[in-house]
Protein chains: 2
Amino acid sequence: MAQKYRTIASAIRNRILTRDFEANEQLPFERDLCTDYGVSKMTVKKALDMLVSEGLIVKRRGAGTYVKDLAGEEIDRLAVSTQFRGTSALNPDKVVRSKILDFKVIESPEIISKKLNIPEGSFVYDIHRVRYIDGNPHVIEKMYMPIELIPYLKNSHIESSLYAYIENGLGLKIQSAHRRISVRTASALESEYLALKGTDPVAIAEQIAYFDTGQAFEYSLSTHRYDEFSVAMILTRE
Amino acid sequence: MAQKYRTIASAIRNRILTRDFEANEQLPFERDLCTDYGVSKMTVKKALDMLVSEGLIVKRRGAGTYVKDLAGEEIDRLAVSTQFRGTSALNPDKVVRSKILDFKVIESPEIISKKLNIPEGSFVYDIHRVRYIDGNPHVIEKMYMPIELIPYLKNSHIESSLYAYIENGLGLKIQSAHRRISVRTASALESEYLALKGTDPVAIAEQIAYFDTGQAFEYSLSTHRYDEFSVAMILTRE
DNA sequence: AAGTGGTCTAGACCACATT
DNA sequence: ATGTGGTCTAGACCACTTC
């Protein structure tokens, strides 16, 4: 059973994306939306707050709620969600395959122990793979995961989708990831695996991922081809 | 007068950042926090939801609220806010100066009109500047802003802080920005201005910024030195 | 002054995990 | 079965802009 605030947010979101509510148009007052949908003020407020954080509308106390002055392509961009997904889930219509460069269990080095907040000398998976989308090299991933948290991990999971195994196979719930993006020149090895020229740039995504228990289960460094990498975000003041 | 939910969020945030609440520790139940702070459940929930979106805690219905398994440096990272700020505001302890490469008013080209959602042929400022932090070249900015929205703009504002003029000088309120990061090799001109070698990478930030009225007031392309660029984000599932 | 959105309450009931 | 956090209500009062 869908929550009311999600239903209302979806209804208004659709009217904005289809230009039924136009750019810069004032939305109905919260009071009127309450009667329209037969809900209380807190519920309408929560629905509108979702759209604010999605970047679709702005609210001004004393003045009203307005659709952002969104250009056509901005609307298209915002239509795709900005959730945290793996490569497989982000490319559902494409063939995502991996070549395993390395897959072993090691004693956690100091650097990894610090990132994952685990004792030094604990055992972690050490995974190194190249991911291909429709046959073209896309990203090199170096991942470390505590073996206790991800039991029975096999080659086949790494060749297909790791996150699918964790969520569907193990029934664990991924809650969030903290990611930092930086940029540098590709190393010789990276150029080879990603089919780049020696001096081409790459984007580096350093990530720690967490379960809904709060436990950190993955530290990874992903090296992306520069020409297939981009990341969008919405920044707000306060 | 500070809102209660912000006060409560700050109090709990501080206890997490100072390790008074430890990694993986279970927080008091919402019910108990209500009596501790003498507030209702919705207020406590709102305070905790802030900390969830900041990446500090996780909540699980039926099970409780837990501090994330944060490594030391993750805690330091999260201590600095992820709000939308200009270069000047992001470097309050440093000297931020600009060299103006170009500053004129032009008829808006089709590409800019589309981004800012304004009629073609409207007049826009066309600003091109290099920003220096403590004397070192940091970023090249190409910005376009409708002249009606930013009156009386002068060289001096562009040499110092544009956002300071917009917010303090004009009293306009900046609400948000939509930003997309990509990567490529520097052009010859970019290398010169940023003191890079010809084949070095750069990070490109394409941005549209909005007032709290919903109006788009700025389209910009920023070219960052690769070795001084990084961006952090927190991604969540659902 | 009137009307907007923001905050807060004291309850109620629900969905979910396990103390 | 118990107790968690999630949703929702029907109000109240406050902060802010000027519809």
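All values below were derived from every heavy atom in this structure, side-chain atoms included, with hydrogens, water molecules and symmetry-related copies excluded. Throughout, a chain's letter reflects where its sequence line sits, starting with A, and its residues are numbered from 1.
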Output yes when at least one side-chain N/O atom of A:Gln26 is less than 4.0 Å from OP1 or OP2 of D:dC19, else no. no

Indicate the ring-plane relationship of B:Phe211 and B:Phe217, choosing parallel, tilted or perpendicular according to the 30° and 60° boundaries. parallel

To the nearest angstrom, how far is B:Arg60 atom CZ from D:dG3 atom C1'? 14 Å

Expressed in angstrom and rounded to an integer, what is the separation of B:Lys59 atom NZ from D:dG5 atom P? 8 Å

B:Met42 side chain, from C-beta outward: closest of C:dG5, C:dA10, D:dG6: C:dA10

Atom pair distance, as rounded to whole Å: CG in A:Leu33 and C1' in C:dG6: 16 Å

Side-chain donor or acceptor of B:Lys46 under 3.5 Å from a matching atom on the base of C:dG6? no

From CZ of A:Phe211 over to C1' of C:dA17, roughly how many Å is that when rounded to an integer? 17 Å

Return the orientation label for the A:Phe84 and A:Tyr163 ring planes: parallel under 30°, perpendicular over 60°, tilted otherwise. perpendicular

For B:Glu73, the option from A:Lys115, A:Arg180, A:Lys114 that meets salt bridge (Lys or Arg N to Asp or Glu O under 4.0 Å): A:Lys115

Nearest of C:dA17, D:dT4, C:dG6 to any side-chain atom of B:Arg61? D:dT4

Any side-chain to backbone donor/acceptor pair from A:Ser161 onto A:His157? Under 3.5 Å, distance only. no

Nearest-nucleotide wise, let me know which of A:Leu48 and B:Gly38 is further upstream toward the 5' end of DNA chain C. A:Leu48

Classify the nucleic acid contact of A:Phe29 as base, sugar-phosphate or nothing, counting any heavy atom under 4.0 Å across all strands shown. base

Rounded to whole angstroms, how far apart are CZ on B:Arg6 and C1' on C:dC8? 15 Å

Does C:dT9 have its OP1 or OP2 closer than 4.0 Å to a side-chain nitrogen or oxygen of B:Thr43? yes

Is any side-chain nitrogen or oxygen of A:Thr65 closer than 4.0 Å to OP1 or OP2 of C:dT4? no

Starting from P on D:dC16, measure out to CG on B:Asp212 and report it in whole angstrom. 13 Å

For atom CD of A:Glu30 and atom P of D:dA10, their distance in whole Å: 16 Å

For C:dG5 and A:Lys41 - does any side-chain N or O of the residue sit under 4.0 Å from the phosphate oxygens OP1/OP2? no

B:Leu51 atom CG is separated from D:dG5 atom P, nearest whole Å, by 14 Å

Would you confirm whether the ring centroid of A:His178 sits within less than 6.0 angstrom of the ring centroid of A:Tyr210? yes

So, OP1 or OP2 of C:dT9: does either fall under 4.0 Å of a side-chain N or O from B:Lys4? yes

Measuring to OP1 and OP2 of C:dT7, would you say a side-chain N or O of B:Tyr5 lies under 4.0 angstrom away? yes

D:dT4 phosphate, OP1 or OP2, under 4.0 Å from B:Arg31 side-chain N/O: yes

Given C:dA17, D:dT9, D:dG5, the nucleotide with the shortest approach to the side chain of B:Ala63: C:dA17

Give one of base, sugar-phosphate or nothing for B:Lys45, where a contact means two heavy atoms less than 4.0 Å apart. base

Carboxylate-amine/guanidinium contact A:Lys142 A:Glu206, below 4.0 Å: no

